[in-house]
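To find a chain, count down the sequence lines: A is the first, B the second, and so on, and within it residues start at 1.
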Amino acid sequence: MKSLTLYDTMARKKRVFEPIDESRVTMYVCGPTVYSYAHIGNARPPVVFDVLRRVLAHLYGESGVVLAANITDIDDKIMAAARESGESIEAVATRFARIYREDLDALGIAPPTLEPKATDHIGPMIAMMQRLVDTGHAYEAEGHVLFSVKSYEAYGALSKRSLDDMIAGARVEVAPYKKDPCDFVLWKPSSEDEPGWDSPWGRGRPGWHLECSAMCEAHLGETIDIHGGGIDLVFPHHENEIAQSTCAHGGKTMANYWLHNGFLNMGSDKMSKSLGNVALIRDLLKTWPGEVLRCALLTAHYRAPLTWNADLLAKTRRSLDRIYGVLRRLGDIEAVAADVPEAFLDALLDDLNTPKAMSELFALAGAANKAETAEEKARAKGELLTAGALMGLGQDNPDAWFGLTGMSEAERAEIDILIEKRQKVRADKDWATADAVRDELNARKVQVDDGPEGSTWRIVVE
RNA sequence: GGCACCGUGGCGGAGUGGCUACGCAGAGGACUGCAAAUCCUUGUACCCCGGUUCGAUUCCGGGCGGUGCCUCCA
């Protein structure tokens with residue numbers, strides 16, 4: 001079997017991937033806090049790790065890969081959103097979790113194998129905290145439970161920061177009950193009107209970092225193969241997860257490979273609500289097919305920063321037109337099942353080099369265009385579809401892609417009549433009338449493509 | 001201030017110590033009544049200055065420019 005190479009943030013280099021158990025490859029990706037609509041930046045990790053999941057499934061089998069992606073459904077931001085809208089916290093979390101799922105569906109991202117919710121795991125969190133307190137890695141202070149950073153020597157290994165650096169660079173006022181400025185909250189007390197759960201340290205709610213450690217342990221075990229997320233999570237979130245899990249598990253490694261995707265920028269500015277340049281997935285889907293968003297997110301290597309703008313989407317759309325154009329042309333050809341083409345697979349196996357893989361995809365498309373015999377076409381189509389499936393591209397119905405299925409029967413009939421009329425006058429070499437009919441079609445955004453075996457048409461999108 | 005990352009042709013974006021990335025856009029050609037699609041061809045590309053080397057966009061050092069993180073952020 002070919003080997004997969006992944007860039008491990010902990011080692012700061014590419015490493016050959018070797019799972020602990022080939023029959024059960026485990027991957028945990030930090031999911032969203034569901035308090036609002038997701039923006040396109042939020043979609044990058046799910047898309048990237050969806051591709052990784054497909055690659056792993058190709059190598060180890062569909063049932064050999066377990067992906068857990070959590071939903072954080074208790075958090076101060078959710079509480080604030082609930083207060084604002086007058087809904088219950090549960091209602092806000094449930095609603096936005098559903099919306100999140102719908103958005104990801106549109107981007108061709110299958111639901112994770114497991115989707116644990118924080119509020120369903122309060123027990124495991126308390127158990128983990130108890131272990132940490134018992135072993136001297138955590139302490140109670142004024143209703144809080146805090147992790148003692150000094151108790152874990154390797155703290156900072158992932159982000160390559162020393163405690164001294166962190167203290168020197170601290171910009172935030174330190175809570176007086178902390179023994180050390182870098183200690184972080186595992187559990188915080190809840191007031192009467194705040195949601196809370198009973199614990200040995202009083203009624204309260206969990207800190208963000210603890211959730212992931214506890215859920216990861218509960219579903220995937222003490223040591224997992226791959227832990228992923230956005231690069232912004234390296235510090236403090238993943239650093240803290242490592243500290244909690246490692247100390248709770250007697251020093252066992254939490255994850256063998258740490259993967260982080262680069263950030264998405266909006267032009268020259270960071271995407272943020274205060275700048276008003278947030279591109280919500282929901283809004284983008286009104287203009288663009290989900291596959292355009294997905295493909296656009298994969299145009300750059302996952303670790304590289306990606307600048308998001310309308311131009312990128314338009315270009316991506318044109319690129320995909322090329323793939324779907326081939327598939328449409330081969331519409332009547334039955335695809336022959338094919339192995340994933342080697343060059344394409346090699347690109348993905350090299351730390352998910354999706355831009356390289358896409359260039360191979362275009363090479364396959366070119367080959368399919370040039371295929372002459374029925375056998376060649378059938379094989380080319382098979383290869384293109386098989387390769388595309390690994391990235392989640394080109395799997396849609398080509399007619400649907402070109403807008404043919406999105407209109408009413410009546411509209412289609414009208415267009416067919418015009419096409420027929422034009423065919424007739426073209427046969428009579430009445431070019432003036434033929435062009436007039438074409439103008440009429442163009443006005444309806446219909447592009448006519450004349451071929452040796454008659455004309456086809458498609459909807460053009462600007 | 002600390003840590004990390006990046007600087008490739010009009011745009012996006014891979015990659016490599018010497019050989020076409022690729023896509024979009026542009027130019028020329030084939031095909032076509034004309035378009036479109038497709039195919040073929042095409043463009044002084046690798047931030048600057050040193051160094052290593054037979055040879056550097058690719059390695060090393062310095063500079064300039066840009067970005068991210070530094071405890072709510074994918």
Side-chain angles (χ1 to χ4, degrees), chain A residues 9 12 29-33 35 38-49 72 75-77 80 149 156 159-162 164-172 174-175 178 181-185 207-209 228-237 239-240 260-265 268 270-273 295-296 299-301 303-307 309 311-312 314-323 325-326 328-329 347 350 353-363 365-366 368-370 426 429-432 434-435 438-439 442 447-452 455-458 460:
Chain A
T9 306
R12 302 279 159 147
V29 178
C30 292
T33 300
Y35 70 101
H39 63 246
I40 190 64
N42 295 314
R44 199 173 186 193
V47 167
V48 164
F49 291 104
T72 296
D75 179 273
D76 288 6
K77 277 181 288 191
V149 165
S159 56
K160 305 284 183 277
R161 293 160 203 253
S162 72
D164 292 343
D165 289 343
M166 287 181 242
I167 295 163
R171 296 182 308 191
V172 175
V174 177
K178 287 187 179 183
C182 293
D183 291 349
F184 57 89
V185 170
W208 175 42
H209 313 301
I231 195 165
D232 57 317
L233 296 184
V234 171
F235 188 88
H237 185 55
E239 199 72 78
N240 291 355
H260 294 97
N261 63 271
F263 235 69
L264 194 97
N265 309 313
S268 55
K270 180 179 172 176
M271 181 158 33
S272 73
K273 287 184 178 171
C295 188
T299 53
H301 182 85
R303 283 189 281 117
L306 176 63
T307 301
N309 55 49
D311 196 38
L312 171 67
K315 283 173 178 168
T316 303
R317 160 106 213 177
R318 306 295 286 265
S319 299
L320 284 170
D321 278 351
R322 188 173 163 79
I323 303 290
V326 187
R328 191 180 181 209
R329 225 164 287 119
D350 180 15
N353 191 336
T354 53
K356 183 85 186 300
M358 234 177 277
S359 82
E360 296 299 337
L361 207 56
F362 287 116
N369 272 328
K370 277 179 274 191
R426 282 184 73 219
K429 297 198 192 300
D430 179 0
W431 309 126
D435 290 352
R438 186 165 61 198
D439 287 344
N442 289 161
Q447 171 66 50
V448 191
D449 300 311
D450 295 334
S455 303
T456 59
W457 56 274
R458 61 197 153 93
V460 287

Nearest-0.5 Å distance that lies between atom OG in Ser159(A) and atom CG in Leu233(A)
12.0 Å
G23(B): pairing nucleotide in any strand, Watson-Crick or G-U under 3.5 angstrom:
C11(B)
Could you give the distance separating U58(B) and U52(B) at their C1' atoms, to the nearest angstrom?
14 Å
G50(B) - base-pair partner by Watson-Crick or wobble geometry, distances under 3.5 Å:
C60(B)
Categorize Gly325(A) for me: base, sugar-phosphate, or nothing, with a 4.0 angstrom heavy-atom threshold over every strand shown.
nothing
Phe184(A) atom CZ is separated from C70(B) atom P, nearest whole Å, by 15 Å
Distance, rounded to the nearest Å, where Leu361(A) contributes CG and C24(B) contributes P:
12 Å
Rounding to an integer number of angstrom, what distance separates G43(B) and A25(B) when you compare their C1' atoms?
13 Å
Flag, side chain of Asp350(A) to backbone of Asn353(A), donor-acceptor distance under 3.5 Å:
no
Expressed in angstrom and rounded to an integer, what is the separation of Leu233(A) atom CG from C70(B) atom C1'?
14 Å
Whether the Arg329(A) and Asn369(A) side chains hold a donor-acceptor pair (N or O, under 3.5 Å, no angle test) is what I'd like checked.
yes
Find every protein N or O atom lying less than 3.5 Å from an N or O atom of nucleotides 36-40 of chain B, and list the pairs.
from   : atom 1 : to        : atom 2 : distance (Å)
A36(B) : O4'    : Gln447(A) : NE2    : 3.4
A36(B) : O2'    : Gln447(A) : NE2    : 3.4
A36(B) : O2'    : Asp449(A) : OD1    : 2.8
A36(B) : O2'    : Arg458(A) : NH2    : 2.6
A36(B) : N1     : Asp450(A) : O      : 3.1
A37(B) : O2'    : Arg329(A) : NH2    : 2.6
U38(B) : O3'    : Asn369(A) : ND2    : 3.2
C39(B) : OP1    : Asn369(A) : ND2    : 3.3
C40(B) : OP1    : Lys370(A) : NZ     : 2.7

Give me the distances for all protein-to-nucleotides 11-15 of chain B N/O pairs that come in under 3.5 Å?
from   : atom 1 : to        : atom 2 : distance (Å)
C11(B) : O2'    : Lys315(A) : NZ     : 2.8
C11(B) : O2     : Lys315(A) : NZ     : 2.9
A14(B) : OP1    : His301(A) : N      : 2.8
A14(B) : O3'    : Asn353(A) : ND2    : 3.1
A14(B) : O2'    : Asn353(A) : ND2    : 3.3
G15(B) : OP1    : Asn353(A) : ND2    : 3.3

What pairs with Ala357(A) under side chain to side chain contact (heavy atoms under 4.5 Å, CB included), at least two apart in sequence or on another chain?
Phe344(A), Ala347(A), Leu348(A), Met391(A)
With sequence neighbours left out, the residues meeting side chain to side chain donor-acceptor pair (under 3.5 Å) with Thr72(A) are Asn70(A), Glu211(A)
Looking at Arg44(A) and Gly262(A), would you say the former's side chain and the latter's main chain have a donor-acceptor pair under 3.5 Å?
yes
If the condition is side chain to side chain contact (heavy atoms under 4.5 Å, CB included), which residues does Asp449(A) pass it with, not counting sequence neighbours?
Gln447(A), Thr456(A), Arg458(A)
Evaluate whether the aromatic ring of Phe263(A) and the six-membered ring of the A74(B) base sit under 5.5 Å apart, centre to centre, with an inclination under 30°.
yes
Taking the C1' atom of each, how far is G18(B) from G7(B), in whole Å?
24 Å
Between C59(B) and C5(B), how far apart are the P atoms? Round to whole Å, please.
13 Å
Could you work out the separation of A45(B) and A14(B) based on their C1' atoms and round it to a whole Å?
13 Å
Can you tell me how far P of C72(B) sits from NE2 of His209(A), to the nearest Å?
8 Å
Could you tell me the Watson-Crick or G-U partner of A45(B), where both distances fall under 3.5 Å? Say none if there is no partner.
none
Base C34(B) paired with Arg438(A) side chain (donor-acceptor, <3.5 Å)
yes
Closest to the side chain of Phe362(A), out of C34(B), A74(B), C22(B), is C22(B)
Hunt down the Watson-Crick or G-U wobble partner of C5(B), both distances under 3.5 Å, from any strand shown, or write none.
G66(B)
Just to verify, what does Val185(A) make a side chain to side chain contact (heavy atoms under 4.5 Å, CB included) with, not counting sequence neighbours?
His144(A), Leu146(A), Lys188(A)
Spacing between Asn265(A) atom CG and C6(B) atom P, to the nearest angstrom
15 Å
Closest approach to the side chain of Pro236(A), judged atom by atom: which nucleotide of A74(B), C22(B), U71(B) is it?
U71(B)
If I take atom CD1 in residue Ile231(A) and atom P in nucleotide C69(B), what distance separates them, rounded to the nearest angstrom?
10 Å
Under 4.0 Å, heavy atoms only, any strand: does Arg426(A) hit a base, just the sugar-phosphate, or nothing?
base
Please enumerate all residues that pass side chain to side chain contact (heavy atoms under 4.5 Å, CB included) together with Lys370(A), with sequence neighbours excluded.
none
Got a sec, which residues hit ring-ring contact (aromatic ring centres under 6.0 Å, His included) with His209(A), two or more places apart in sequence or on another chain?
Phe184(A), His237(A)
Could you tell me how far G33(B) sits from G23(B) if I compare only their P atoms? Round to whole Å.
28 Å
Between A27(B) and U8(B), how many Å separate the two P atoms, rounded to a whole number?
25 Å
Any Lys/Arg nitrogen of Asp430(A) or Arg426(A) sitting under 4.0 Å from an Asp/Glu carboxylate oxygen of the other?
no
Watson-Crick or G-U wobble partner of A37(B), both distances under 3.5 Å
none
Out of A4(B), G2(B), U71(B), whichever nucleotide has its closest atom nearest the side chain of Lys178(A)
U71(B)
Test salt bridge (Lys or Arg N to Asp or Glu O under 4.0 Å) applied to Asp75(A) - qualifying residues, sequence neighbours left out
none
Toward the 5' end of RNA chain B, by each residue's nearest nucleotide, Asp435(A) or Pro32(A):
Asp435(A)
Output the rounded distance in Å from CG (Asp439(A)) to P (A35(B)).
14 Å
Quick one: does Arg44(A) reach the base of A74(B) with a side-chain donor-acceptor pair under 3.5 Å?
no
Please give the distance between the P atoms of C19(B) and C69(B) as a whole number of Å.
38 Å
Measure the distance from CG on Asp430(A) to C1' on C34(B) and round it to the nearest whole Å.
13 Å
